[in-house]
Amino acid sequence: MIEQNNAPDTTQTLPKAYDPQAVEGKWYRFWEEGGYFKPRPNNTRKPFVICMPPPNVTGALHLGHAITATIEDALIRYHRMLGDDTLWVPGEDHAGISTQTVVERLLAKEGTDRHKLGRDAFVGRVWEWVHQYKSRIQDQHRRLGVSCDWSRERFTLDEGLSKAVREVFVRLYEEGLIYRGERIINWCPQCMSAISDLEVNHVDTQGTLTYVRYPLKPLAGETGTRYISVATTRPETILGDTAIAVSPNDARYKEIVGRFALLPLLEREIPIVADEAVEAAFGTGAVKVTPAHDPTDFEIGVRHNLPRIQVIGFDGIMTAEAGPYAGLDRFEARKKVVEALQQQGAVTKIEEYNVPLGRCDRSDTIIEPLISKQWFVKMTPLATPALGALKYGQLKIVPERFNKTYMDWLENIHDWCISRQLWWGHRIPVWYCDACGQMTVSREDVTACAHCESVAIRQDEDVLDTWFSSWLWPFSTLGWPDVSEDLLRFYPTSVMETGYDIIFFWVSRMVMAGIHFLGTVPFDTIYLHGLVRDAKGEKMSKSKGNGIDPLEVIDQYGTDALRFTLATSSTPGNDTKLVSERILGNRNFANKIWNASRFVLMTTAEVGQGKLGVPGITDVQPHTLADRWILGRLARLTQNVTRLINEFQLGEAGRQINEFFWSDYCDWYVEIAKVQMQGDEEAKLATAGILRAVLDQSLRLLHPFMPFVTEEVWHYLYQMSVPNYELWPASALIIAPWPHANIAAFNDEAEQQFGLVQEVITRIRDARNQANVEPSRRIAVEMVVGAETPMFMAQSPLIEFLARTEKPRLHATLAQKPEQAMSLLAGSIEIYLPLSGLLDIGKEIGRLDKEIVQAQQEIARLHTKLGNQSFVAKAKPEVVEKEREKLAAQEERIGKLQARRAELGA
RNA sequence: GGGCGAUUAGCUCAGUCGGUUAGAGCGGCUGCUUUACACGCAGUAGGUCACAGGUUCGAAUCCUGUAUCGCCCACCA
């Protein structure tokens, strides 16, 4: 399964800097070809399954996909290492409107269009295009290191998923949940298609509110002309007015309800009606009613049986009904209408007004509400159970605050317009009969009418909304509607991980579909990550041109650096501003891992010959304080990281590993190991064992985040440690067991003592710096260490090496303090550095005074706190005790500082 | 109009049980070819935790309000 020579033979040949390009491709092939991405049955554990949100085949992956891929891959790799039966299903979305638009643009460049090509040829063209981009997306995902099961890859328009779509359409139709109706819908004149409410973006736009007065048709015997004024943001729609509506409670208009007004410009007689939808307090309290061009007006029209006059066409051009304005563009017509009204003196006022303009999500064109015959899904019966699933705990959303978003939307659900006037997509499985006029709705293609057997039938020209296939994703990808093995084994899935921006479009609809068609929520947890923004905080988008290509980042810094940055730059649900400094820093982290490993491999190479086995943490025994300390820290880290990943706190988990590895392991333990490796054989062996074991376990913890560098280094480690390592059951890090936290290794005493040693070393280093001691010079040091004498006797070689001192002279107590020496305090440990000639008494006094002031302030603070009776009485005893200890320590400290200060004189 | 989020060091961000002397990286400053790493090492400066109230022995953390920025939802013409 493994190539023996995947890694070079000797560690001597390892380059000084980690080169991602040199290793990433190699390991990805190794994993993929070795079958490591496939699930491995484990009867003792629940399967862990994620269905990848399918990217649109429209183009290249962007950083939003990269964050999705990173988080999901980290979860997947973690669960795989836990030994779960782990499956990650990849796929792509055919992305109806987007893809069709892109290809149409391509055709336009070639001087042709889809109508000239014809439907079949056009769809053929799109497929060609899709194949090309699909493989590009796959390659990009591979570069990101995603460990998904490519053998189960699906496409929303493939055969199986199309079957699922038909099954669902027919079932919902049979259940009465799909209907066809003439409704007012959002129409995009650019895409020339209906779109759903969700595909409309409301953008507040500065517009105008035009007040127009309509003369009332005089009653018999009435003298003088009465007027009624209305306000509108879309004056061109006046041409389609078929009524004026007022509030039924509006006293001002009570007597004229039932009368007629004369439509300016066209002189049409329109009735004045009373309707609840009208707010008396707004504007003039009277509303022009254009049932063909406004959703509210449409409703009013239904209630009052008003005619619908379509004056704006589906192409955005005024229709013949617009009379003299026919043939004009809708916005041109608006100008002309206002001019004409002004000439007539019908405009009483024009004021600035903020209008929430609806724009098409895809083309950004201003949408036009138009009446047309479309297919709809009745949503309330589907939404209610989806609401219950969250309410009754079958479903969990992380972070929790999105519960509200989800609930609010479901509680105010509207029917879903699912038909699109496009060619690219799942064609609606409905046939109309020219003979009997009936519809045949069928899972299979039909050639004759189911009602009259006539062959004069035509399939519905339209296709389904692209989300009509993706809302089935968690089960259609597993083989549904067939009762497949995968479906039984992996459904329901575990986590739906995606951006919070598609809760409505996708997530909530999947919940509805899962419950409705399979009776179970499709996943138990919804994890929503934030959006990736550019350095200015703007959302990345193709149109803005501020999108960053993940591959460029990868080329420059390596996949691990990008992944680690995406995983650790934010907290769940919060947006991430991607700044290059951070990626650079994480590239440096990858390099740090590489070099620390290089060191461990080199220094433990000889030691290991036959004597060091598998670098498992359970095989090593601590011999020194530093050993106990690092193993304790590692155990704690392991426990934290495991907990944090389980809670989806990937960022915090990653940060903690980084901190442990860089600070604790590299900066302290590895340096100390250099000292310990000078000892006898036993010491060498023990230290080498710990160096390797801690490295091994760190690599495991890090692997979900940085799969490449960890896998690379891990193989060197095992190659050296285990004879015939390629036969080792866990012959690759990707399937190496996730470590258990060795709770027995937790060691508060070692942490406390080692902390003291660290502080001593830091104080001496600082003093050297301040006194400008040449870095290479070894200085003498005397320490008064009291009860810690044995500990410091054991640790003094560390001080010598790390603080570059001579062998420290230790004293339990010291009556006569050294003169002509810098004096330092580390906790209660007194440190004296006799720096003859270098000591600046004035500076020394200044430093002491400063420290005394600090100590005094701290003591004052603690006194106040402990003097507070309610604190002592009400705070937890441990907290009070801790404060007392602090006070005692500070008092001891200030005593020593003041004594020293006195010795130095005024 | 309704809802949500953010506001912590010069910059980008952690701080998820209320108790730390409020942290990290980058940037700054001072040193360093200490043979794993200059993609590095050692040290160091830098904060009224947006503002105002409140709860509490104790608030960056909980509550209320305000401000600024951002996002989402929305058929008042």
Side-chain angles (χ1 to χ4, degrees), chain A residues 14 16-18 184 202 209 230-234 245 277-279 281-284 286-290 294-299 353 355-356 358 369 399 401-402 404-405 408-409 412 500-501 503-504 530-531 533 535 537-539 557 561 568-579 581-582 584-603 644 647 649 651-652 655 658-659 666-667 670-671 674 761-762 765-770 772 774-776 801-804 854 857-858 861 865 868-876 878-880 882-883 886:
Chain A
L14 291 184
K16 278 176 90 164
Y18 172 61
I184 189 149
H202 298 274
L209 192 59
V230 299
T232 179
T233 55
R234 298 193 301 155
V278 182
E279 192 67 51
F282 186 87
T284 63
V287 188
K288 61 189 268 320
V289 182
T290 322
D294 184 276
T296 311
D297 295 3
F298 180 82
E299 298 294 330
Y353 192 69
V355 244
R401 71 180 134 92
F402 288 109
K404 194 169 164 49
T405 314
D408 285 352
W409 188 69
N412 299 296
Y500 63 74
D501 52 336
I503 297 177
F504 310 132
L531 275 25
R533 298 173 179 279
E538 284 178 34
K539 195 171 163 176
Y557 303 102
T568 58
S569 288
S570 77
T571 37
N574 284 352
D575 294 352
T576 309
K577 237 178 268 182
L578 196 74
V579 288
E581 289 82 0
R582 211 156 170 145
L584 184 75
N586 289 323
R587 180 206 60 171
N588 296 352
F589 182 41
N591 191 55
K592 191 76 184 176
I593 296 163
W594 174 260
N595 274 292
S597 306
R598 220 158 58 95
F599 172 80
V600 171
L601 294 169
M602 289 198 280
T603 51
L644 288 165
E647 292 170 359
Q649 308 269 1
E652 185 57 21
R655 284 187 288 270
N658 177 308
E659 197 197 326
C666 292
D667 291 345
V670 164
E671 292 305 310
K674 290 174 184 171
I761 291 166
T762 304
R765 283 168 169 173
D766 180 22
R768 293 178 62 115
N769 245 329
Q770 287 191 32
N772 295 317
E774 310 88 274
S776 56
F801 180 70
L802 295 174
R804 290 198 78 77
Q854 278 172 357
Q857 284 169 347
E858 183 65 7
R861 192 181 67 83
K865 200 165 188 182
N868 182 340
Q869 285 310 309
S870 349
F871 171 67
V872 179
K874 291 187 186 172
K876 276 180 275 177
E878 314 90 86
V879 174
V880 178
K882 216 168 130 190
E883 296 300 305
K886 275 193 220 166

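Residue numbers begin at 1 in each chain, while the letters A, B, ... track the order of the sequences.
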### Message
Counting the atoms with a prime plus P, OP1 and OP2 as sugar-phosphate, which does Thr571(A) contact under 4.0 Å by heavy atoms, base, sugar-phosphate, or nothing?
### Response
sugar-phosphate
### Task
Determine which nucleotide pairs with G18(B), using a 3.5 Å limit on both distances of a Watson-Crick or G-U wobble pair.
none
### Interatomic distance at P, G25(B) relative to C62(B), whole Å
26 Å
### Message
Need the pair for G65(B). Rule: Watson-Crick or G-U wobble, both distances under 3.5 Å, any strand; none if unpaired.
### Response
C51(B)
### Length of the NZ-C1' vector between Lys577(A) and U8(B), whole Å
14 Å
## Note on the structure
Taken to the nearest whole Å, CD1/Ile503(A) to C1'/G3(B) is 12 Å
### Task
Look at the side chain of Asn868(A) and decide which nucleotide, out of A14(B), U12(B), C57(B), has an atom nearest to it.
C57(B)
### Task
Would you classify Arg765(A) as touching base, sugar-phosphate or nothing, given that sugar-phosphate means primed atoms plus P, OP1 and OP2, and contacts are heavy atoms under 4.0 Å?
sugar-phosphate
### Message
Could you tell me how far C39(B) sits from G28(B) if I compare only their P atoms? Round to whole Å.
### Response
14 Å
### Query
Could you state the interatomic distance from CZ (Arg765(A)) to CZ (Arg768(A)), rounded to the nearest 0.5 Å?
10.0 Å
### Task
Output the distance between atom CG (Asp408(A)) and atom CZ (Phe402(A)), rounded to the nearest 0.5 Å.
13.0 Å
### Query
Rounded to the nearest 0.5 Å, what separation is found between the CG atom of Asn591(A) and the CZ atom of Arg598(A)?
8.5 Å
### Query
Please give, in whole Å, the distance from G58(B) C1' to Lys876(A) NZ?
11 Å
### Query
Taking atom NZ of Lys882(A) as the centre, does the number of heavy atoms from other residues, nucleotides or ligands within less than 6.0 Å exceed 12?
no
### Query
Starting at CZ of Phe589(A) and ending at C1' of G40(B), how long is that distance when rounded to a whole Å?
15 Å
### Query
Given that Thr762(A) and Thr576(A) both sit by RNA chain B, which one's nearest nucleotide is further toward the 5' end?
Thr576(A)
### Query
If you look at every heavy atom in Lys592(A) and Cys666(A), which pair is closest and at what distance?
CE-CB, 3.7 Å
### Query
What's the CZ-P distance between Arg587(A) and A38(B), to the nearest Å?
11 Å
### Task
Check the distance between G40(B)'s C1' and Asn591(A)'s CG and give it to me in whole angstrom.
9 Å
### Message
Checking base pairs now: Watson-Crick or wobble, both atom distances under 3.5 Å. What partners A38(B)?
### Response
none
### Task
Could you measure between the two P atoms, the one in A22(B) and the one in U61(B), and give it in whole Å?
14 Å
### Message
Would you compute the distance between atom CD1 of Ile761(A) and atom CG of Asp766(A) and round it to the nearest 0.5 angstrom?
### Response
13.5 Å
### Message
As an exercise, state the distance from CD1 of Ile593(A) to OH of Tyr18(A), rounded to the nearest 0.5 Å.
### Response
9.0 Å
### Message
For Glu659(A), give me all partners under side-chain hydrogen bond (donor to acceptor under 3.5 Å, both in side chains), at least two apart in sequence or on another chain.
### Response
none
### Query
On a whole-Å scale, what distance lies between the P atoms belonging to U7(B) and U12(B)?
12 Å
### Task
Just do the side chain to side chain contact (heavy atoms under 4.5 Å, CB included) check on Arg234(A) and Asp294(A) with the steps written out, would you?
CA-CA 10 Å; Arg234(A) 298 193 301 155; Asp294(A) 184 276; 4.0 Å; yes
### Summary
Against the side chain of Lys882(A), the closest entry in C39(B), G19(B), C57(B) is G19(B)
### Query
Can you tell me how far P in U21(B) sits from the matching atom in A60(B), rounded to whole Å?
12 Å
### Message
From CD of Glu647(A) over to P of A14(B), roughly how many Å is that when rounded to an integer?
### Response
17 Å
### Query
CG of Asn574(A) versus P of U8(B): gap in Å, rounded?
14 Å
### Message
Please report the distance separating the C1' of C63(B) from the corresponding atom of G27(B), rounded so that it comes out in whole Å.
### Response
38 Å
### Query
Partner of C26(B) by Watson-Crick or G-U wobble geometry, both contacts under 3.5 Å, or none?
G10(B)
### Query
In the 5'-to-3' direction, what one-character label does each nucleotide of nucleotides 69-77 of chain B receive under the scheme B = base within less than 4.0 Å of a protein heavy atom, S = sugar-phosphate only, - = no such atom?
---SSSBBB
### Message
Partner lookup for G1(B), please. Criteria are Watson-Crick or G-U wobble with both distances under 3.5 angstrom; report none if nothing qualifies.
### Response
C73(B)
### Message
In whole Å, measure the gap between the C1' atoms of C57(B) and A52(B) for me.
### Response
23 Å
### Task
Could you walk me through whether Asp575(A) and Leu531(A) pass the side chain to side chain contact (heavy atoms under 4.5 Å, CB included) test, one step at a time?
CA-CA 5 Å; Asp575(A) 294 352; Leu531(A) 275 25; 3.8 Å; yes
### Query
Touch check for Glu878(A), heavy atoms < 4.0 angstrom, all strands: base, sugar-phosphate only, or nothing?
nothing
### Message
With rounding to the nearest 0.5 angstrom, report the OG1 to CG distance, Thr568(A) to Asn658(A).
### Response
7.5 Å
### Task
For U21(B), take OP1 and OP2 only and decide whether either is under 4.0 Å from a side-chain N or O of Arg861(A).
yes
### Query
Is Asn595(A) reaching over with its side chain to a backbone N or O of Lys16(A), donor-acceptor style, under 3.5 angstrom?
yes
### Message
Taking only side-chain N and O atoms of Lys865(A), does any of them lie within less than 4.0 angstrom of OP1 or OP2 on G58(B)?
### Response
no
### Query
Which whole number of Å gives the distance between the C1' atom of U33(B) and that of G19(B)?
47 Å
### Query
Along nucleotides 22-36 of chain B, 5' to 3', which nucleotides get a B, which get an S, and which get a -, given that the test is a protein heavy-atom distance under 4.0 Å?
----S-----S---B
